[in-house]
Student: 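Please read through the structure below; I'll follow up with questions.
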Amino acid sequence: MSIAVQFHQVSRHYDSVRAVDDISLEIAEGEFFSMLGPSGSGKTTSLRLIAGFEQPTSGSIRIFGQEAAGLPPNLRAVNTVFQDYALFPHMNVLDNVAYGLMLKGVPKSERHRRAEEMLELVKLGQYGSRRPSALSGGQRQRVALARALTLQPRVLLLDEPLGALDLKLREQMQTELKSLQRQLGITFVFVTHDQGEAMSMSDRVAVFNKGRIEQVAAPQVLYNQPATAFVADFVGAANVFDGPLAATLAGLEQPFAVRPERIRPAGQLDGDVVRVPGKLLDIQYLGAVSRYEVEVLGEKVVSMVLPNEHDTQAAPAVIGSAITLAWQRQAMLPLAG
Amino acid sequence: MMTASLPVTPAAPALGLWQRLGVALYRRPGLQLGLLLGLPLLWFLVVYIGSLATLLAQSFFTFDDFTMEVSRELTLANYRQLLQPANFDVVLRTLLMASAVSLASAVLAFPLAYYMVRYARGWKKGFFYVAVMLPMWASYIVKVYAWTVLLAKDGMVYWAYQHLGLGGVMDWLMTLPLLGGNSLTTSHLGRFAVFTYIWLPFMILPVQAALERVPANLLQASSDLGANGAQTFRHVILPLAFPGVVAGSIFTFSLTLGDYIIPQIIGPSGLFIGSMVYTMQGSIGNMPLAAAFTVVPVVIIALYLTGARKLGAFDAL
Amino acid sequence: MHSDQDRAPLWLRLLAYGGIGFLFLPIAVIIIYAFNAESAGYSFPPKGFTLAWFPAAFARNDVMQAIGLSLQLALLATVLALVLGTLAAAALYRREFFGKDAITMMLILPIALPGIITGIALLSAFRLADIPSGFWTIAVGHATFCVVVIYNNVVARFRRLSYSLVEASQDLGADMFQTFRYVVLPQIATALLAGGMLAFALSFDEIIVTTFTAGNEVTLPIWMLNQLTRPRDVPITNVVAMTVMLITALPILAAYYLTRGTEDTAGSGK
């Protein structure tokens, strides 16, 4: 499998701000690759570096082996779905989708036919003559997708394309995007701040923090073997223990994390387990599960998540009462110090 | 949802000349800026800043009173001449008029702007806006001409006050030293009225903009705290609208200061800064003194702007 | 700041509508007197209604030449200002660099400083460079103070334009020229039109800078000014005054309606 996009020691600085700070990264052809991170972490800047809207301060960006740094966006074989869709308001939907073909000099009937096909692909066959302003948010999103795919890019860049949609529509689009990508077989680079979204769709995820990449891995690996405390906390919830706390609890030099669902009341576990006495601070009922906030060693608040279909009689339900927590030694995820 | 498949496009082909230009511009944002800004910047530097510089340079040239010719010998004589009492009178007369016009404009503009913002709704709001904007942009020279028609002997204004039985009052006004003159057209009062009329819209719009920004809940808060209408006006609305008044006065003041056509057509003899400059370069041909004279309004306006900035007028523009 | 329920007190309404009346009084006078039967003088009430002065005015060579000259000048100044103002707007919006504020200030200066300074400065420079006054010197002066009108309108429109439209166009393969032609230009067209009309009106009735740069050329406002200082043809002047007002008022109204309901700046200050 060849490499679609390669970052080699890429940095993008604005005055004193390091938006992207010495990133190296490889995205394989045909991969659904997500860039995940909080706002300001450098994920969007990285995407814009691939598209060519930003230029690296230093480093090299290769797209299918060809150096892209210094190449303007119109000469790059990648296309973008914008966060605000960026549909041209003065053109109808069909002309929006056919825009790239128009620039290439494709005759009108031919480009309209191909644009129609693209609209069919995103289930908007009937909407060609409408103005973008006459469409719903979800429909605009599909038009933006069709427009970006019309030129048959080998890499499709998606900048938080689902951010403005409501939850139901979002979940539906996630499914559709994933199957579209599988069907077309092209590389998707997907920027999001929503870890659930990244996990559910991606082959691999890069977790961004402060302009750097904390970890690049498949979703299962990110969850089960987070490399850093940031990843453990950002990808799913985690109780991170470090410094003296790690030493006191488990006799470890290194920080570690324990997922809330791996923690149980002490009575429910035996074998090689770590036990910690604490005080119940709060219980949050979340439907299928409940979350228990427990203060241990008088300083650290630990989350424990218990499924609700199990009888919770073993756990004390009185807030303020004493409780001893426990987890299996193999549930501890070692983190980089 | 999908059944199509996409063929793969080949890698980038060799670049044409036009594309290479695009690449060059992409790599050098400074070059992009230069291409866009080059022409306007060159125009303004050469035509405008260049002209201002030659004007300034001319103010140091020597004018020979006998031969009526300008030589490029540098001198400060023109600036010394500015300080002569006769010239000082010109400056004072202009300043007095500019201040009076600004004050009158503010007094006339405030109720109008206040009504526009507070009470005009729907189509009325648009009507008032157009009704202020249209006279502002309408031809200056035509408006001045209209006033000579209005103020003429047997004209509309005379007709009006004769029919209102105010003839005596007008005759008395014309005898007053700072207001009067032989007739309305040649009186200080007439000139003042025309100036005020011409620059009034330039006061209304900034005041209106400033009032527009006073939040409605501030007025409610004020009346909740027990203020009556007059108190709210005095302690809440007036201070918040004041920067708008100052902003408007920048226009009325500076425009009056530089005008030379109204003083020439309406009002008694007696030069203004503008007419002084015009006469010096025109009929006398003393460009150096005219140039030195233009420095006066620039300095006054600069001082005025400094003061206005302190009063927050620039936020209201 | 507004209130929905209460009605303005009578005195305030009187002052407001009185103010509007004051602003329109001279305009009404111009319209009335253009149809006045009297052949000399400005007596009120008018002596009778006639349309006779219109054909008389438009049969006059000096009047028609002045109208023609002013139209040509306004057109040329507007085109120059459109090019310069749009370039400046494209260069200055979305960019921060050293000296940007100074450049913005420089664009505004020809309108911020009294016209007499711009006028005499241009005159002194033309004289020094031995450029004879005439059509082109007037046009250069007019274009210079019209640039800011275009600049303001276009920059205001740029600010409302999502920059991702430009990026989307590039992304789909458009070079800079194509992006301008297919995306930017359609988006700023009405702003250009509105700004252009304001610039046209501004140039058409400009007098202060013109008197300095005109030499022996007689634009329509200069023709008016000559009539004001040496009145000879009162009824002809009345008709010309109304014509000037119409030629400037119509584009201004059009510009207002083009940019209405947007935050664009057409007409919000000279």
Side-chain angles (χ1 to χ4, degrees), chain B residues 22 33 36-37 39-41 43-44 47-52 54-55 58 108 111-112 115 117-119 130-131 133-135 137-143 145-150 152 154-156 159 205 211-212 214-216 219 254 257-258 260-261 265 274 277 281 287 290-291 294 297-298, chain C residues 1-3 8 12-13 15-16 19-20 22-24 26-27 29-30 33 41-44 84 87-88 90-91 95 103 106-107 109-110 113-117 120-125 128 140 144 147 175-176 201 205 207-208 221 224-225 228-229 237 241 244-245 248-249 252 256 267-269:
Chain B
L33 177 64
L36 289 172
L37 200 53
L39 200 59
L41 195 62
W43 180 285
F44 269 80
V47 173
Y48 195 63
I49 301 299
S51 298
L52 288 179
T54 49
L55 184 66
Q58 293 245 15
L108 285 175
L112 180 53
Y115 182 86
V117 172
R118 178 118 196 247
Y119 296 105
V130 172
M133 195 186 68
L134 207 59
W137 280 81
S139 171
Y140 165 89
I141 191 75
V142 170
K143 285 182 290 189
Y145 174 68
W147 274 98
T148 64
V149 176
L150 267 169
D154 309 324
M156 196 189 267
W159 176 85
L205 290 181
L211 285 172
E212 201 79 66
V214 177
L219 305 188
S254 123
L257 215 55
Y260 72 93
I261 288 184
I265 291 170
V277 172
Q281 66 80 30
M287 185 62 100
T294 57
V298 173
Chain C
M1 183 193 79
H2 58 85
S3 58
L12 185 62
R13 263 183 290 158
L15 280 177
I20 296 297
F22 178 57
L23 287 174
F24 276 90
I27 291 171
V29 161
I30 289 300
Y33 277 82
Y42 305 107
S43 59
F44 191 86
L84 296 173
L87 281 173
R95 277 196 184 85
I103 292 173
M106 190 170 72
L107 295 177
L109 217 53
L113 283 180
I116 192 163
I117 295 176
I120 197 168
L122 288 170
L123 175 67
S124 75
L128 220 60
V140 164
T144 304
V147 167
D175 58 41
M176 275 173 290
D205 76 24
I207 176 100
I208 299 208
M224 289 280 310
L225 182 64
L228 276 171
T229 44
T237 313
V244 174
M245 205 150 65
T248 49
I252 289 159
Y256 169 74
S268 63

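Numbered from 1 within each chain, the chains take letters A, B, ... in sequence-line order.
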Student: Of all of B:Gly50, B:Pro135, B:Ser51, B:Pro297, which one pairs up most often with chain C through heavy atoms under 4.5 Å apart?
Tutor: B:Ser51
Student: So what's closer than 4.5 Å to chain C heavy atoms on B:Met287: side chain, backbone, both or neither?
Tutor: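 Contact with chain C: side chain only.
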Student: Once you round to the nearest 0.5 Å, how far does CG of C:Leu23 lie from CE of B:Met133?
Tutor: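 Nearest 0.5 Å value for the CG-CE distance: 12.5 Å.
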Student: Looking at every non-hydrogen atom in both residues, tell me the closest pair between B:Ser139 and C:Asp205 and how far apart they are.
Tutor: CA-OD2, 2.9 Å
Student: Check each atom of C:Met176 against the heavy atoms of chain B and say whether the ones under 4.5 Å are side chain, backbone, both or neither.
Tutor: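 The answer is the side chain of C:Met176.
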Student: Check each atom of B:Leu257 against the heavy atoms of chain C and say whether the ones under 4.5 Å are side chain, backbone, both or neither.
Tutor: neither
Student: Which heavy atom in C:Pro110 sits nearest to a heavy atom in B:Tyr48, and how many Å separate them?
Tutor: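 That would be CA-OH, 3.3 Å.
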Student: Quick check for you: to the nearest 0.5 Å, what is the distance between C:Leu15 atom CG and B:Leu112 atom CG?
Tutor: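 Those atoms lie 9.0 Å apart.
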Student: What closest approach, in Å, do C:Phe24 and B:Ala131 show between heavy atoms, and which atom pair accounts for it?
Tutor: CE1-O, 3.2 Å
Student: Identify which part of B:Leu52 has an atom lying under 4.5 Å from any heavy atom of chain C, answering side chain, backbone, both or neither.
Tutor: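 Contact with chain C involves both backbone and side-chain atoms of B:Leu52.
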Student: In terms of heavy-atom pairs under 4.5 Å with chain B, which of C:Ala241, C:Ala249, C:Gly19 leads?
Tutor: C:Ala241
Student: Could you tell me whether the side chain of B:Leu134 reaches within less than 4.5 Å of the side chain of C:Ile252, counting heavy atoms only?
Tutor: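 Side chain of C:Ile252 against side chain of B:Leu134, heavy atoms only: contact under 4.5 Å found.
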Student: Does a side chain donor of either B:Trp43 or C:Thr144 reach within less than 3.5 Å of an acceptor in the other side chain?
Tutor: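 Result is yes, a qualifying pair exists.
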Student: Report which part of C:Leu113 has an atom under 4.5 Å of a heavy atom belonging to chain B: side chain, backbone, both, or neither.
Tutor: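 Interface part for C:Leu113: side chain.
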Student: Of the listed residues (C:Val244, C:Thr248, C:Val147, C:Asp175), which shares the most heavy-atom pairs with chain B below a 4.5 Å separation?
Tutor: C:Asp175
Student: Checking B:Pro111 against chain C: side chain, backbone, both or neither under 4.5 Å from a heavy atom?
Tutor: both
Student: Please rank C:Pro221, C:Ala121, C:Ala125, C:Ala16 by heavy-atom pairs under 4.5 Å with chain B and give me the top one.
Tutor: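 Looking at each option in turn, the highest pair count goes to C:Ala121.
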Student: About how many Å separate OH of B:Tyr260 and CD1 of C:Ile208, when rounded to the nearest 0.5 Å?
Tutor: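 These two atoms lie 6.0 Å from each other.
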Student: Would you check, one step at a time, whether the test side-chain contact (heavy atoms from CB on, under 4.5 Å) holds for C:Leu122 with B:Val47?
Tutor: CA-CA 7 Å; C:Leu122 288 170; B:Val47 173; 3.7 Å; yes
Student: To the nearest 0.5 angstrom, please state how far the OG1 atom of C:Thr237 sits from the OH atom of B:Tyr145.
Tutor: 4.5 Å
Student: Report the option among B:Val149, B:Val130, B:Leu41 that has the most heavy-atom pairs separated by less than 4.5 Å from atoms of chain C.
Tutor: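 Option with the greatest count: B:Val149.
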Student: Of the non-hydrogen atoms in B:Ser254 and C:Pro114, which two are nearest, and what is the gap between them?
Tutor: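 Nearest pair, atom of B:Ser254 first, then C:Pro114: O-CG, 3.8 Å.
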Student: How about B:Leu55 and C:Leu123: do any of their side-chain heavy atoms sit closer than 4.5 Å?
Tutor: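 No, their side chains stay 4.5 Å or more apart.
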Student: Of all residues at least two apart in sequence or in a different chain, which pass the side-chain hydrogen bond (donor to acceptor under 3.5 Å, both in side chains) check with C:Tyr33?
Tutor: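 Per chain and number, C:Tyr33 pairs via side-chain hydrogen bond (donor to acceptor under 3.5 Å, both in side chains) with no residue.
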Student: Taking all non-hydrogen atoms of both residues, which atom of C:Ile120 and which atom of B:Ala290 are closest, and how far apart?
Tutor: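 The answer is CD1-CB, 3.7 Å.
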Student: Measuring from B:Leu36:CG to C:Arg95:CZ, what's the distance to the nearest 0.5 Å?
Tutor: 5.5 Å
Student: Examine whether an atom of C:Val29 lies under 4.5 Å from a heavy atom of chain B, and if so say whether it belongs to the side chain, the backbone or both; otherwise answer neither.
Tutor: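 Just its side chain gets close to chain B.
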Student: Any heavy-atom pair between the side chains of C:Ile117 and B:Val277 that's under 4.5 Å?
Tutor: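 No, side chains not in contact.
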Student: So which of B:Ile265, B:Leu150, B:Val298, B:Thr294 has the largest heavy-atom pair count under 4.5 angstrom toward chain C?
Tutor: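 The residue among B:Ile265, B:Leu150, B:Val298, B:Thr294 with the greatest pair count is B:Leu150.
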Student: Drop me the distance from C:Leu109's CG to B:Phe44's CZ, to the nearest 0.5 angstrom.
Tutor: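 If I round to the nearest 0.5 Å, the distance is 9.0 Å.
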Student: Can you tell which part of B:Ala152 gets under 4.5 Å to a heavy atom of chain C, answering side chain, backbone, both or neither?
Tutor: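 Side chain only.
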Student: Does C:Leu84 reach the side chain of B:Leu39, with side-chain heavy atoms less than 4.5 Å apart?
Tutor: yes
Student: Please state whether the side chain, the backbone, both or neither of C:Ile103 comes within less than 4.5 Å of a heavy atom of chain B.
Tutor: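 It is the side chain, since no backbone atom gets that close.
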Student: For B:Gln58, which atoms come within 4.5 Å of any heavy atom of chain C: side chain, backbone, both, or neither?
Tutor: side chain
